[in-house]
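Bear in mind that the values here come from a model prediction, so they are computed numbers and not experimental data.
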Amino acid sequence: MNKKILIIDDDRELRDFLQQAFSAAGFQTETADRGSIGMRKLLTEEYHLVLIDINMPEISGPNICRALRKHDSTSELPVVMLTSVFYSPEQVTEAKNDYGVTAFLLKPFTGGDLQNLLEGIFAADGTIKKKIQEGIQTISEYTIPLQLQQLYREKATGLLHLQRGDAKKVIYIKDGYPIFSRSNVLSECLGRMLVKEGVITQVDCDQSVDRSKESGRLQGTVLIEMGLLTPQETHAALVRQVTEKLLSTFAWRSGTYQFVSRKDFKKNIIKIKLTPAALIRQGINRYWVPKQLDDFLYPFGGDYLMQARNPLYRFQDIELGKRGEAIFKDCRGTKTMQQVLQQYPLSRREVQKILAALIISEMLERSMEPIKGVVDDTVDGAETEIIDTKLRRKILDDYKRIIDSDYFEALGLSRQCGTGEARKAYYRLAKEYHPDRFLGNDLSSEMSIKINEMFNYITQAYTVLSDKDACAGYLDELVSGTRKSIDINQVIEAETSYQEGRALLQVRRFKAAAKLLQRAIELSPEESEYMTYFAWAQFKSDPEKVYIQNQAMEVLLASRELNPSFDLTHLYLGHVYHALQKDRQAEKSFEMAVQANPDCTEALRELRLINLRREQVPHSKGMFKKFMKKKD
């Protein structure tokens with residue numbers, strides 16, 4: 001698109017909003033806070049559109065517009081006047097004749113108003129109009145990190161399509177988190193990446209590609225078969241590959257992007273374990289050049305930096321390191337960005353990268369004035385112990401305690417608490433239950449929903465208790481007997497049925513287990529683990545009947561869609577496919593079980609048996625043959 005826009009307005013928040021909106025739309029965008037600065041830019045640089053506040057200090061918007069019309073280089077430049085005063089059609093016509101304004105944008109305006117404005121201004125440019133209408137936008141200097149943060153903020157689910165020349169990438173976004181990526185860039189294939197890392201040779205890579213094409217198996221599986229990688233090493237390499245595909249886009253300065261919303265993904269994918277904030281931090285640290293850092297941070301040099309007041313942003317998992325943690329802790333609203341940078345003269349670039357990542361991920365807020373009376377809300381010791389069944393039990397116990405409590409009880413406060421106490425209690429719980437802290441634990445959809453419900457509930461509790469009038473009204477409701485009552489007996493009953501069903505599975509009482517697990521599904525129909533164990537119990541209760549096999553397959557496929565990272569779903573599906581004599585699908589499912597969990601020994605054993613059967617056929621490749629020999 002390569003169109004350049006200048007915004008002249010003394011309202012900092014409005015300038016930032018417009019700059020982010022136009023930059024996200026693929027335009028090069030600059031700002032000026034005074035009319036004189038804006039005029040100087042317009043007369044010395046080339047722009048395709050300028051937005052000017054009608055009431056500007058030093059030089060008013062109309063006078064700027066009149067001056068532009070007197071210069072040959074800017075006489076035809078589209079000028080949009082920003083105003084909160086309604087302009088009738090007659091006034092618009094008069095303004096156009098008097099000082100040459102092209103259009104008015106009335107405050108407050110929406111994103112749709114901006115899109116209509118761009119379509120109207122650039123109507124003659126068919127390519128731009130088509131891209132705007134289709135949602136295809138141009139990549140600029142800061143597009144990728146800003147877009148990732150916007151999708152995180154919106155909790156979006158869908159596909160982010162990126163293209164630069166012949167290179168095409170698709171980033172899978174789930175509830176605001178990037179979880180997978182695809183690419184047609186040859187150098188980003190698994191084998192090429194491993195060659196670059198020195199893990200395998202180019203000869204090994206070529207052989208694995210040939211075998212993969214010949215057999216139709218995944219390249220990672222072939223590399224294991226060739227004895228070049230263990231399952232654990234393959235899994236780690238796949239995660240690195242997905243991450244690198246995404247991070248490399250931070251180096252893109254041109255191209256197009258488009259986000260297409262979707263409800264969910266049905267394909268089996270290897271999920272990366274990084275939060276958007278961590279990806280933004282890594283991408284900026286690796287790919288942003290000095291000029292890019294200087295240009296991005298320059299407008300914020302005189303702003304006072306403070307930690308975000310919204311815990312959703314403040315407690316993101318960003319992997320700052322010791323220096324980054326110290327810088328973040330030091331941002332309390334009492335120092336400008338320039339003062340922070342001056343504290344680190346020998347590592348200025350490193351600190352710039354840290355600040356850029358913190359600002360884009362919204363972990364830092366900016367203020368034109370220093371913040372007085374800073375309260376230390378730093379929370380220590382709120383890390384969550386992440387240990388499989390213990391974590392599940394903790395989530396359920398805390399869910400029952402919090403959701404079934406009133407707002408005071410949920411935050412652990414007395415009804416005479418003050419605002420400061422409420423804030424500290426909220427920040428402690430918000431950090432403990434921030435969704436980012438559970439991202440790498442492969443929680444089922446049901447557990448993830450509970451985490452989000454707890455986080456949202458304690459946020460709502462603090463919102464009410466920190467407002468004097470709202471808190472008084474809430475107290476009146478509690479005293480009068482009208483209080484929040486959420487029946488979670490159903491949730492607890494579902495979990496109890498699930499645990500009892502699993503215990504019966506272990507002693508091979510399959511029919512009784514299936515009955516209990518079916519009850520768990522009836523109570524919590526979106527819990528993938530309940531579905532997986534129910535399908536397996538159902539299948540084992542009568543594994544010779546075809547209709548039982550098909551029912552189990554359907555349930556396992558539905559469970560796989562809900563949580564493709566659960567290895568037992570793939571393992572059990574492989575067994576069911578084998579019973580249905582769908583050997584190719586069975587082998588694929590066992591491969592996916594190993595990808596989801598490299599320590600899934602049963603899936604490895606099944607793949608070895610498949611390999612042994614294949615060895616009986618002349619000229620067979622022998623799946624996992626070399627790997628198993630090496631292991632022995």
Side-chain angles (χ1 to χ4, degrees), residues 1-35 37-42 45-54 56 61 64 77-84 103 105-119 121-122 128 132 137-154 250 253-254 257 280 284 288 291-305 308 313 337 352 355-368:
M1 198 175 290
N2 297 321
K3 297 291 185 181
K4 196 172 178 181
I5 298 176
L6 178 65
I7 302 162
I8 306 175
D9 200 306
D10 58 343
D11 185 332
R12 178 55 180 276
E13 292 186 1
L14 183 60
R15 289 201 312 274
D16 287 350
F17 170 76
L18 288 170
Q19 184 172 32
Q20 289 183 9
F22 289 136
S23 295
F27 293 91
Q28 297 181 49
T29 311
E30 296 182 4
T31 66
D33 60 356
R34 287 179 292 169
I37 295 175
M39 274 295 300
R40 187 159 53 250
K41 282 178 170 288
L42 289 166
E45 302 177 42
E46 181 180 357
Y47 294 91
H48 300 88
L49 171 65
V50 58
L51 289 84
I52 311 172
D53 184 26
I54 196 168
M56 285 290 296
I64 294 175
L77 175 66
V79 178
V80 174
M81 204 69 69
L82 304 172
T83 179
S84 58
L105 185 60
L106 302 180
K107 304 176 187 177
F109 45 81
T110 65
D113 295 329
L114 292 178
Q115 180 172 326
N116 292 334
L117 171 70
L118 294 176
E119 289 184 7
I121 295 294
F122 299 114
I128 290 179
I132 291 173
Q137 302 178 57
T138 300
I139 292 173
S140 60
E141 291 285 308
Y142 318 117
T143 297
I144 302 302
L146 287 172
Q147 183 68 12
L148 287 177
Q149 183 60 20
Q150 179 179 336
L151 296 173
Y152 176 77
R153 188 187 311 119
E154 296 173 354
F250 278 71
R253 307 288 185 264
S254 62
Y257 73 97
I280 290 169
I284 289 175
W288 273 29
K291 184 178 185 303
Q292 199 173 3
L293 286 166
D294 290 337
D295 290 346
F296 177 78
L297 293 175
Y298 175 75
F300 314 134
D303 288 354
Y304 291 85
L305 302 179
Y313 302 129
M337 189 187 73
Q352 281 185 313
L355 291 175
L358 289 171
I359 289 172
I360 290 177
S361 62
E362 300 180 78
M363 292 181 69
L364 287 181
E365 295 178 357
R366 308 185 312 277
S367 172
M368 297 183 69

Work out which heavy atom in [X] is nearest to a heavy atom in [Y]; give both atom names and the distance.
| X | Y | value |
| --- | --- | --- |
| L297 | M337 | O-CE, 3.2 Å |
| M81 | I54 | CG-CB, 3.8 Å |
| Y47 | I5 | CD2-C, 4.0 Å |
| I284 | F250 | N-CD2, 3.8 Å |
| A32 | I37 | CB-CG2, 4.0 Å |
| G35 | I64 | CA-CD1, 3.8 Å |

With F300 via ring-ring contact (aromatic ring centres under 6.0 Å, His included) - residues at least two apart: F296
Approximate separation, where rounding is to 0.5 Å, of [X] [atom1] and [Y] [atom2]:
| X | Y | atom1 | atom2 | answer |
| --- | --- | --- | --- | --- |
| D9 | D11 | CG | CG | 5.5 Å |
| L358 | I280 | CG | CD1 | 10.5 Å |
| H48 | Q28 | NE2 | CD | 8.5 Å |
| L6 | E46 | CG | CD | 13.0 Å |
| D53 | I8 | CG | CD1 | 10.0 Å |
| E30 | E45 | CD | CD | 5.0 Å |

Flag side-chain contact, heavy atom, 4.5 Å: [X] against [Y]:
| X | Y | result |
| --- | --- | --- |
| K3 | L49 | no |
| Q150 | E154 | yes |
| L14 | L82 | yes |
| T29 | Y142 | no |

Can you list everything that forms a salt bridge (charged side-chain N to carboxylate O under 4.0 Å, His left out) with R153? Sequence neighbours excluded, please. E362
Under the side chain to side chain contact (heavy atoms under 4.5 Å, CB included) criterion, do V80 and V50 qualify, and how do the steps go? CA-CA 6 Å; V80 174; V50 58; over 6 Å; no
Please walk me through it: do I52 and V79 pass side chain to side chain contact (heavy atoms under 4.5 Å, CB included)? CA-CA 7 Å; I52 311 172; V79 178; 3.8 Å; yes
Using a 3.5 Å distance criterion without hydrogens, assess whether the side chain of Q149 forms a donor-acceptor pair with backbone atoms of S361. yes
Between Y313 and E365, do the side chains contain a donor N or O and an acceptor N or O under 3.5 Å apart? no
Side chain to side chain contact (heavy atoms under 4.5 Å, CB included) between D33 and R15: does it pass, once the steps are laid out? CA-CA 8 Å; D33 60 356; R15 289 201 312 274; 3.3 Å; yes
Would you call the rings of F22 and F27 parallel, tilted or perpendicular if under 30° counts as parallel and over 60° as perpendicular?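 Perpendicular: the ring planes of F22 and F27 meet at over 60°.
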